[in-house]
Every structure is written in C-alpha cells, then in structure tokens.
**Student:** 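I have a structure here, written as structure tokens, and I will follow up with some questions on it.
All values reported here derive from a predicted model rather than from experimental measurement. Per chain, numbering begins at 1; letters A, B, ... match sequence-line order.
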Amino acid sequence: MSKRPFLVVYPGESRNSFGQAVGHIYVNDGPERFDVAGGPATARPIADIGGHTATRTPAGRYVLDHPERHTTLGWPKSVVPWGARLREVQEVVQYEVGGRWIDASGPNGTVTRAYLIFSAKSRQPMSPLVASRHARQMFYDDDGNLAARWEGNDFGKWSWNLKLGRHRTVFFIHTTPLDEAIGSGDLELRQSHGCLHIKPKDRDIMVLKGYLREGTTVIVKRYEDRWQPSAR
Amino acid sequence: MAAIGALIVALLAAAAGRANQDCLRIERGLARALEMAQFEKEPEGTVGKVFADSRNARQSCPDAEGLAYLYVRSAELGGGALVGRLLPAGAAELQKITADAARRFPSSARILTVHARVSRDEGAARRALAADPVYLPGRIALADILVDRGDWRAAERVLGEGRGLDGTSDGLLVLARVQLAKGDVRGALATAKRVLTGRKPELVEPDAGDPRPLLRAREVEEEARARRRSDGRVRP
C-alpha cells in the first residue's frame with residue numbers, strides 16, 4: 001500500500017523578476033516540485049485595502065480542506081462562484097447556484113452588499129446606488145457584453161483551505177483569475193497577500209496525481225528555509 | 001493620376017483611422033481594468049498587466065497619450081510589485097519611464113503630474129498646472145512639493161479652497177500637511193482623519209488601493225499629536 005503524499009512548501013527559496021520571494025512545493029519533501037508564491041517576506045504585516053493585511057504565509061503544519069469554489073463577502077469579485085452562469089433580468093445581474101438565480105447587482109444584490117462592506121472597511125464609503133452600479137459593471141466586458149459565466153473570482157477556479165487542526169484559516173492554495181486567463185501559457189507567479197498561489201497547469205497535475213485533495217498534509221516552512229536534497 | 005493619388009491618401013487615412021480605433025479600444029480596456037483593480041484581492045496582477053500591455057502598445061500606438069498615461073501611472077503604482085512599492089528595477093527606472101513620457105507628451109497634465117510626483121520636480125508640476133489648471137492631481141502634486149520646500153503659503157494658494165480633494169488619492173493628505181506646516185494642528189488632525197474615512201470611492205486617478213496616502217496620513221496624525229502634546233507642556 002502506497003503512503004499518502006504530503007507537501008512541503010518552501011515559500012522563500014527563490015525570487016521572481018519582481019525581486020519578490022517565491023518558492024516551491026515539494027511532493028513528499030522532494031525532489032518532485034511545483035512553483036508557488038506566498039505572501040510578502042516582510043516581517044510585519046502590510047496594511048491593505050478593505051481592512052485586510054498582506055502578510056507572510058505563516059510556517060506551520062496544515063491539512064487541506066475539501067476543494068471548493070470559494071466565495072466570500074469580503075471581496076466583491078469573490079462573491080460569485082467561479083463558473084456560475086450569469087443573466088440579466090430588468091437591469092439586475094443574476095447568477096445561478098444550484099439551480100437558483102440570485103441577484104448580484106441591484107438593491108438586494110450580494111455583490112452590491114460586498115461593495116458596500118468593502119468600501120466601508122476601506123473607509124471610502126459608497127452609496128448603495130454606486131455599489132449596485134459597480135456590481136453590475138463588473139460582469140460586462142469592454143464592448144458592453146454580459147459574460148456568460150463568471151471567471152473573475154479572486155480565488156481562481158478551485159481553492160483548498162489550509163486547516164490548522166480542525167479549524168479553517170484565512171489561507172488558501174489557489175490560482176488567480178489572471179493566471180487562469182493566461183492558462184497554460186508562460187506565466188510567472190506573483191507574490192500573494194498571504195495565500196499560496198500556484199499555476200493553473202500545476203494545479204491540474206497536482207489534482208490528477210492526488211496531491212491536492214482533502215486531508216493532504218501541507219508543511220509550510222519559514223521563508224529563510226531552503227530545501228536540501230540530503231535532508232531526506 | 002490625381003485620382004490614384006487621392007485614392008492612396010484616402011486608403012492611408014482609413015488605415016490610420018482603424019489604427020487609432022484599435023489604440024482607443026486597448027486604452028479603454030486597460031483604463032477600466034486599472035479602475036477596477038482597487039476592488040481586487042490582489043490588484044498587483046491587474047496593475048502588472050496594465051503596465052506590460054500599455055508598454056507593449058507603445059509600438060503600435062506611439063501617439064496615444066492615454067496609453068502613455070496608463071503606462072506611467074501603473075509604473076508609479078508598482079508595475080506589478082505590491083501596490084505602492086517601487087518597480088522591480090527601482091527608482092531610477094521609474095524616473096526614466098516618467099521623464100521619457102513627459103518629454104514625449106509635454107502638454108499632458110496627467111503625465112506631467114505623475115512625473116512631478118515621482119521625481120519631486122517642481123518644474124514638471126508647474127508645467128502640469130499650466131497645461132490644465134483645473135486638473136486637481138496636478139495642483140496637489142505641486143502643493144506637496146512646495147510643502148517639502150517649506151513654502152506652505154504657496155502650497156495653500158495652489159490648493160485653493162480645497163474643493164474636490166476627497167475625490168483624489170492624496171489630496172486630503174497634502175491639505176493635512178499644509179495645515180500642519182502652518183501650525184494648524186487641530187485642522188491637520190481633522191483632515192488626516194478624513195484621509196482615513198472621507199475619501200470618495202471613485203477617484204480622479206485610479207489608485208488600485210495604493211496604501212501610501214493612508215500611511216502618510218497616519219504619519220501626519222502622529223506628528224500632529226506629538227506637537228499637540230509638546231504644546232501642552234509649554235509653560236509661559
């Protein structure tokens with residue numbers, strides 16, 4: 001019987017062209033590895049918009065939660081699940097979840113609400129009318145066409161929460177919408193605000209090989225740590 | 001012969017028109033993306049894309065002022081590095097980018113303004129103001145530089161009545177700096193607080209959630225508080 005794979009993350013062992021600390025995920029502590037980018041390497045968290053902070057991905061021993069189309073009211077673009085179908089009814093954009101159509105924009109829209117929360121936390125409060133306008137515009141392209149499906153969720157197509165013990169944390173492994181759009185092309189990972197960013201192509205391989213799945217242990221090393229082949 | 005000449009001219013004009021349309025289309029898309037970046041979890045990706053795409057578009061759209069502006073503004077915002085941080089290549093590269101654009105578009109108030117902020121060049125700020133006297137970020141950039149030089153009176157004149165400052169990334173911050181420089185500690189404290197609570201969500205210039213005005217406002221707040229404490233200890 002083969003042992004269940006585990007992943008070891010060295011978030012600061014190399015640099016991208018922006019001079020940012022990036023690193024690798026080692027399968028079973030190497031040598032098979034994939035690119036990863038964690039949060040900024042600064043010792044202190046950096047104040048960020050929307051009442052959030054950008055911070056190092058903390059070292060620790062985590063367990064992956066189930067794969068999910070993550071949604072949150074904390075970020076306006078992350079309210080609607082990745083891939084959800086869209087439509088417009090009487091100038092209100094709606095999205096479909098489990099066969100139910102939900103208002104995204106308009107006075108009762110979930111994205112409208114997220115804009116209101118975000119702008120209040122950013123201390124740049126906006127009126128419900130402006131929030132609704134932003135919420136509606138978000139789903140239209142430059143030529144004024146409504147997208148058929150939502151592919152702008154900040155957490156990418158799939159994400160896995162890094163659980164500490166049985167508790168979920170604010171950290172996820174995920175791709176970004178821009179990287180998803182580039183797809184299998186040549187792309188360079190950019191530092192996150194604390195989550196672990198991976199490439200869409202690597203995500204697909206890691207899922208296929210059973211590395212990214214519920215229950216996988218993920219050990220995040222310190223930014224100063226470097227993988228050693230002899231350490232095994 | 002004349003008819004052929006006219007036909008060639010017409011074809012060239014049509015081709016130029018199409019190229020302009022393409023440039024405008026690229027510009028519109030990038031401008032929209034940069035405006036929306038402030039609501040993204042990680043705006044660096046969008047800022048980096050705007051930076052790269054506007055840089056690449058310079059080849060096919062050399063006369064597009066709007067694209068040049070997006071290029072310098074996204075560079076000022078970090079060009080894909082954490083927003084508010086320097087370009088990976090550093091301050092010298094950023095200054096070169098804005099100086100080149102300012103030379104190429106000498107009557108663009110918004111490009112001159114970015115250059116003035118990046119290089120702290122009073123001349124560039126004054127040229128921006130001359131190019132468009134009602135462009136608020138230009139006034140603010142000049143006032144900011146004047147405060148640095150210790151001339152808060154001139155800075156106050158440039159800011160005028162302070163209308164619309166809450167619709168800019170750093171207008172209220174600069175007003176707070178002017179107030180502190182002239183000794184209006186209470187006013188500086190109140191204005192610095194407004195930077196943290198009273199800015200509009202839609203700004204004249206897209207700022208992708210640039211944290212610098214907020215961080216600088218906190219510094220002004222701290223300095224104003226320290227000054228108030230030390231003033232309180234003075235015994236005549």
Side-chain angles (χ1 to χ4, degrees), chain A residues 15-20 37 39-40 42 46-50 52-54 72 74-78 111 114-116 118-120 122-127 130-131 133-135 137-138 140-143 152-155 172 174 176-179 181-182 187-195 197, chain B residues 24-33 35-53 78-90 166-169 172 193-203 207-218:
Chain A
R15 301 220 160 241
N16 64 12
S17 69
F18 289 90
Q20 299 168 335
T42 49
I46 298 168
D48 197 6
I49 47 174
H52 300 269
T53 52
T72 168
W75 302 98
K77 294 181 109 180
S78 301
V111 181
Y115 269 108
L116 288 170
F118 186 87
S119 63
S122 301
R123 307 200 176 163
Q124 289 176 262
M126 58 172 70
S127 70
V130 172
R133 182 158 48 81
H134 276 293
Q137 279 173 350
M138 199 175 93
Y140 281 85
D141 67 17
D142 300 333
D143 298 322
N153 187 301
D154 294 302
F155 292 82
F172 287 79
H174 66 88
T176 70
L178 267 177
D179 290 349
I182 297 168
L187 69 90
E188 180 184 49
L189 290 176
R190 287 206 175 89
Q191 214 156 59
S192 74
H193 287 203
C195 288
H197 284 176
Chain B
L24 268 175
R25 198 165 175 279
I26 298 169
E27 182 191 324
R28 252 201 335 259
L30 294 180
R32 185 165 178 259
E35 270 165 31
M36 298 292 286
Q38 64 168 317
F39 302 113
E40 288 171 4
K41 178 167 168 271
E42 278 133 359
E44 291 76 23
T46 298
V47 175
K49 181 178 162 45
V50 172
F51 177 66
D53 288 1
L82 273 183
V83 169
R85 299 300 171 105
L86 274 178
L87 274 178
D166 56 351
T168 63
S169 187
L172 289 171
K193 244 184 210 112
R194 280 179 66 205
V195 178
L196 304 169
T197 59
R199 287 191 309 167
K200 287 181 178 164
E202 285 158 324
L203 305 173
D207 84 342
D210 188 352
R212 285 173 294 188
L214 307 184
L215 298 175
R216 288 179 70 199
R218 286 210 181 99

**Student:** Between A:Gln20 and B:Ala81, which heavy-atom pair has the shortest distance, and what is it?
**Tutor:** NE2-CA, 3.6 Å

**Student:** Chain B heavy atoms under 4.5 Å from A:Asn16: which part of the residue, side chain, backbone, both or neither?
**Tutor:**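 Neither part.
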
**Student:** With rounding to the nearest 0.5 Å, note down the distance linking CD in B:Glu42 to CD in A:Gln191.
**Tutor:**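 So the gap between those two atoms works out to 10.0 Å.
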
**Student:** Which answer fits B:Arg199, side chain, backbone, both or neither, if we ask what part of it has an atom under 4.5 Å from a heavy atom of chain A?
**Tutor:**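 Contact with chain A: backbone and side chain both.
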
**Student:** Closest approach of B:Thr46 and A:Leu178, non-hydrogen atoms and distance?
**Tutor:** N-CD1, 3.4 Å

**Student:** When you compare the side chain of B:Glu35 with that of A:Gln137, does any pair of heavy atoms fall below 4.5 Å?
**Tutor:**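 No - every pair of side-chain heavy atoms lies 4.5 Å or more apart.
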
**Student:** Indicate the atoms forming the closest heavy-atom contact of A:Cys195 with B:Lys41, along with that distance.
**Tutor:** SG-NZ, 3.6 Å

**Student:** Check B:Gly48 against A:Arg190 and note the closest heavy-atom contact, atom names and distance.
**Tutor:**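 Scanning both residues, the minimum pair turns out to be CA-NH2, 3.8 Å.
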
**Student:** Return the option, out of A:Gly152, A:Gly19, A:Ser192, with the maximum number of heavy-atom pairs under 4.5 Å with chain B.
**Tutor:**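 Winner by heavy-atom pair count: A:Ser192.
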
**Student:** What part of A:Ser17 lies closer than 4.5 angstrom to a heavy atom of chain B: side chain, backbone, both or neither?
**Tutor:**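 Contact with chain B is through the backbone of A:Ser17 alone.
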
**Student:** Please say whether more than 12 non-hydrogen atoms of neighbouring residues, nucleotides or ligands are located less than 6.0 Å from NZ in A:Lys77.
**Tutor:**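 Counting other residues, nucleotides and ligands, NZ of A:Lys77 exceeds 12 neighbours.
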
**Student:** Which residue out of A:Pro40, A:Pro125, A:Ser119 racks up the most heavy-atom pairs below 4.5 Å with chain B?
**Tutor:** A:Pro125

**Student:** Starting at CG of A:Asp142, measure out to CG of B:Leu30 and round the result to the nearest 0.5 Å.
**Tutor:**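 If I round to the nearest 0.5 Å, the distance is 8.5 Å.
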
**Student:** Tell me which of these, B:Gly45, B:Gly80, B:Gly79, has more heavy-atom pairs under 4.5 Å with chain A than the rest.
**Tutor:** B:Gly80

**Student:** State whether the side chain of B:Glu40 and the backbone N or O of A:Asp154 hold a donor-acceptor pair below 3.5 Å, judged by distance alone.
**Tutor:** no

**Student:** Need one label for A:Arg133: side chain, backbone, both or neither, based on atoms under 4.5 Å from any heavy atom in chain B.
**Tutor:** side chain

**Student:** If every non-hydrogen atom of A:Met138 is compared with every non-hydrogen atom of B:Arg32, which pair is closest and at what distance?
**Tutor:** N-NH2, 4.5 Å

**Student:** Grab the two heavy atoms, one from A:Pro76 and one from B:Phe39, that are nearest each other, plus how far apart they are.
**Tutor:** CD-O, 3.7 Å

